[in-house]
A.B. asks: 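Below are the structure tokens for one structure; questions will follow.
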Amino acid sequence: MTLNKTVIITGASSGIGEAAARKLTQEGANVVLAARSINKLKQLQSELINNKGEVIVRQTDVTSLDEMKQLAAFAIESFGKIDVMFNNAGLMPLSYMKNTKVDEWNRMIDVNIKGVLNGFAAVCNHMLARNQGHIITTSSDAAHKVFVGSAVYSATKHAVSAIMKGLKLEMARTDLRFTAISPGAVATDLTNTITDENILKNMNEEGMPFEPLKSEDVAEVVYYAVTQPANVDVNEIVVRPVHQDG
Ligand code: NJP
């Protein structure tokens, strides 16, 4: 069965977004890949060329509402509709609060929270006019917990959780759907944004005591959410490695 959907994926230049692009185009979805690294997007586009679904790319910074609106317009121009907005872009520069990495706090607020709001704002009118559409957001198990070093990251993901719950409540009389996917540890480049020496030292000393998920595992969850019947709204999925202890 071909997945006859148009899906915008933010943060598609690596990790979970890239894996979702692979999976969804294999299944026939047309995808619009967005991130700041345009060369990585073009490279991925060329790798996916033989998949069933079509791939187009657009350099987009999710913190810019204008760029997000242009991304949505580009998707509609190219494929005639947007079925799914996958708000996946994010960063996780964990740090101790005492080290006052204010720029990193602000950056997480801009990308992880405002980026998600911009994603919704960019497609809201289109989806409401069609009374059809699906907002999927990569949240985190950090939306359900706080650990030392995660205060601001967890705050951004708690905010994502509140936004997704608010959308679901407000839109319950429409046919729009809302899914927050909260992964545990996934092997991606996400930790590359960490600059706090204390956190890096701890990470190096402790290592990871269990095998993380692969991006492909999370891509399967995205596929599950988008392939449910129209009357089924999967609102929240928490998915962790089998040996991660919550
Ligand atoms: O990480 P990574 P993931 N505008 O670093 C993009 C959540 N999560 O796949 O712009 C647009 O490979 C960046 O692209 P570029 C996490 O919070 C993960 O793990 O070219 N895009 C890249 O494509 C995040 O929400 C884990 O630099 C921007 C992508 O974001 C999501 O998973 C656990 C951007 C990051 O890809 C995907 O992250 C968890 C901007 N301003 C939640 N800034 C995990 N990996 O363990 C960044 O609970 N990007």
Side-chain angles (χ1 to χ4, degrees), residues 8-23 31-45 57-72 85-94 103-104 106-119 122 135-147 149-150 152-161 163-164 179-194 199 203 208 210-219 221-222 236-241 244 246:
I8 296 178
I9 305 176
T10 70
S13 61
S14 65
I16 293 167
E18 177 182 338
R22 284 183 199 286
K23 174 69 185 173
V31 297
V32 186
L33 307 182
R36 293 163 306 167
S37 313
I38 186 68
N39 289 339
K40 285 194 194 170
L41 294 180
K42 285 182 177 164
Q43 170 65 34
L44 180 58
Q45 181 183 33
V57 302
R58 189 171 182 99
Q59 185 172 40
T60 306
D61 186 330
V62 296
T63 65
S64 161
L65 179 57
D66 268 1
E67 289 186 25
M68 289 298 280
K69 284 183 173 171
Q70 285 166 27
L71 174 68
M85 168 58 94
F86 182 24
N87 288 311
N88 168 71
L91 72 164
M92 188 189 68
L94 301 174
D103 289 348
E104 293 183 0
N106 286 331
R107 191 85 198 129
M108 277 189 279
I109 290 165
D110 285 345
V111 176
N112 298 2
I113 304 177
K114 293 185 191 168
V116 169
L117 292 171
N118 289 341
I135 306 285
I136 303 180
T137 299
T138 310
S139 181
S140 174
D141 68 347
H144 303 267
K145 68 182 182 192
V146 183
F147 52 92
S150 85
V152 178
Y153 180 69
S154 289
T156 65
K157 295 300 187 175
H158 278 69
V160 164
S161 188
I163 291 162
M164 294 300 285
T179 304
I181 298 176
S182 293
V186 190
T188 68
D189 294 339
L190 193 70
T191 49
N192 289 356
T193 51
I194 299 173
I199 300 277
M203 278 171 50
M208 186 152 330
F210 53 82
E211 178 97 5
L213 295 176
K214 299 189 291 297
S215 297
E216 291 74 15
D217 300 323
V218 185
V221 175
V222 176
E236 172 121 41
I237 301 180
V238 182
V239 53
R240 297 192 178 98
Q244 184 176 345

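Values below: every heavy atom of this structure, side chains too, minus hydrogens, waters and symmetry copies. One-based numbering along the sequence shown. Ligands are counted one by one from 1 in listed order, and the atoms in each one are counted from 1 as well. What you see is a predicted model, and the numbers here were worked out from it, not measured in a lab.
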A.B. asks: Heavy-atom contacts with Asp141 under 4.0 Å: which atoms of ligand 1 show up? List them by number with element.
C.D. replies: 48 (O)

A.B. asks: Check if Gly184 has a non-hydrogen atom at a distance under 4.0 Å from any atom of ligand 1.
C.D. replies: yes

A.B. asks: If the test is side-chain hydrogen bond (donor to acceptor under 3.5 Å, both in side chains), which one of His158, Glu236, Lys157 qualifies with His144?
C.D. replies: Glu236

A.B. asks: Does Asp61 come within less than 4.0 Å of ligand 1, judged by its heavy atoms?
C.D. replies: yes

A.B. asks: Based purely on interatomic distance, does Val111 place a nitrogen or oxygen under 3.5 Å from a nitrogen or oxygen of ligand 1?
C.D. replies: no

A.B. asks: Suppose I only count heavy atoms of Arg107 and a 4.0 Å limit; which atoms of ligand 1 are within that range?
C.D. replies: 41 (N)

A.B. asks: Is there a donor-acceptor pair under 3.5 Å between the side chain of Asp217 and the backbone N or O of Lys214?
C.D. replies: yes

A.B. asks: Side-chain contact test, heavy atoms from C-beta onward, threshold under 4.5 Å: evaluate it for Leu44 versus Arg22 and give yes or no.
C.D. replies: yes

A.B. asks: What is the closest protein heavy atom to atom 47 (C) of ligand 1, and at what distance does it sit?
C.D. replies: Arg36 NH2, 3.6 Å

A.B. asks: Looking at atom 17 (O) of ligand 1, what's its closest protein heavy atom, distance included?
C.D. replies: Tyr153 OH, 2.7 Å

A.B. asks: What residue and atom, counting heavy atoms only, is the protein's closest point to atom 21 (N) of ligand 1, and at what distance?
C.D. replies: Ala89 CB, 3.5 Å

A.B. asks: Work out whether the distance between some heavy atom of Ala142 and some atom of ligand 1 is less than 4.0 Å.
C.D. replies: no

A.B. asks: With a 4.5 Å heavy-atom cut-off, do Thr138 and Pro183 have their side chains touching?
C.D. replies: yes

A.B. asks: Just to check, does Lys157 reach to within less than 4.0 Å of ligand 1 when the distance is taken from its heavy atoms?
C.D. replies: yes

A.B. asks: Would you say the side-chain atoms of Asn112 pair up with the backbone N or O of Leu91, donor to acceptor, closer than 3.5 Å?
C.D. replies: yes

A.B. asks: Considering only protein heavy atoms, which is closest to atom 46 (O) of ligand 1, and at what distance to one decimal place?
C.D. replies: Val186 N, 2.8 Å

A.B. asks: Taking N or O atoms only and a 3.5 Å limit, does Ser14 qualify as a polar contact for ligand 1?
C.D. replies: yes

A.B. asks: So which heavy atom in the protein is nearest atom 9 (O) of ligand 1, and how far is it from that ligand atom?
C.D. replies: Ile16 N, 2.9 Å

A.B. asks: Are any of the side-chain heavy atoms of Phe147 and Leu94 separated by less than 4.5 Å?
C.D. replies: yes

A.B. asks: If hydrogens are left out, which of Gly90, Ser37, Ser13, Pro241 has an atom nearest to atom 35 (C) of ligand 1, that is, the closest non-hydrogen atom?
C.D. replies: Gly90

A.B. asks: With distance as the sole test, does Glu18 use its side chain to make a donor-acceptor pair with the main-chain N or O of Ala12 at under 3.5 Å?
C.D. replies: no

A.B. asks: Less than 4.5 Å apart, any side-chain heavy atom of Thr193 and any of Tyr153?
C.D. replies: no

A.B. asks: I'd like to check which ligand 1 atoms, numbered from 1 as shown, lie under 4.0 Å from a non-hydrogen atom of Asp189.
C.D. replies: 5 (O), 12 (O)

A.B. asks: Nearest protein heavy-atom contact for atom 6 (C) of ligand 1: which residue, which atom, what distance?
C.D. replies: Gly11 CA, 3.6 Å

A.B. asks: Taking all atoms of both residues into account, what is the closest heavy-atom pair of Gly119 and Met85, and its distance?
C.D. replies: O-CE, 3.6 Å

A.B. asks: So which protein heavy atom does atom 38 (O) of ligand 1 come closest to, and at what separation?
C.D. replies: Leu190 CD1, 3.8 Å

A.B. asks: In the structure I gave you, are the side-chain heavy atoms of Pro241 and Leu213 within less than 4.5 Å of one another anywhere?
C.D. replies: yes

A.B. asks: Does the side chain of Leu71 reach to within under 4.5 Å of the side chain of Val32, using non-hydrogen atoms?
C.D. replies: yes

A.B. asks: Taking Ser154 for the side chain and Lys145 for the main chain, is one N or O donor matched with an acceptor at less than 3.5 Å?
C.D. replies: yes

A.B. asks: Check if Thr10 has a non-hydrogen atom at a distance under 4.0 Å from any atom of ligand 1.
C.D. replies: no

A.B. asks: Suppose I only count heavy atoms of Ala185 and a 4.0 Å limit; which atoms of ligand 1 are within that range?
C.D. replies: 46 (O)

A.B. asks: Have Thr63 and Asp61 got a donor and an acceptor in their side chains that come within less than 3.5 Å?
C.D. replies: yes

A.B. asks: Answer whether the closest heavy-atom distance between the side chains of Thr191 and Met203 falls below 4.5 Å.
C.D. replies: yes

A.B. asks: When you compare the side chain of Met68 with that of Thr10, does any pair of heavy atoms fall below 4.5 Å?
C.D. replies: yes

A.B. asks: Taking only heavy atoms of Gly15 into account, list the atoms of ligand 1 that are under 4.0 Å away from them.
C.D. replies: 9 (O), 12 (O)

A.B. asks: Flag Gly17 as yes when one of its N or O atoms lies below 3.5 Å from any N or O atom of ligand 1, and as no otherwise.
C.D. replies: no

A.B. asks: Mark the output for Ala143 as yes if a heavy-atom distance to ligand 1 is under 4.0 Å, and as no if none is.
C.D. replies: no

A.B. asks: Check each of Thr138, Val62, Asn88 against atom 24 (C) of ligand 1 and report the one with the nearest heavy atom.
C.D. replies: Asn88

A.B. asks: Which atoms from ligand 1 have a heavy atom of Ala12 less than 4.0 Å away?
C.D. replies: 23 (O)

A.B. asks: For atom 3 (P) of ligand 1, what's the nearest protein heavy atom and its distance?
C.D. replies: Thr188 OG1, 3.5 Å

A.B. asks: Closest approach of Asp189 and Ser14, non-hydrogen atoms and distance?
C.D. replies: OD2-CB, 4.2 Å

A.B. asks: Please identify which atoms of ligand 1 are closer than 4.0 Å to at least one heavy atom of Thr60.
C.D. replies: 4 (N), 11 (C)

A.B. asks: In terms of atom number and element, which parts of ligand 1 are under 4.0 angstrom from non-hydrogen atoms of Ser139?
C.D. replies: 7 (C), 42 (C)

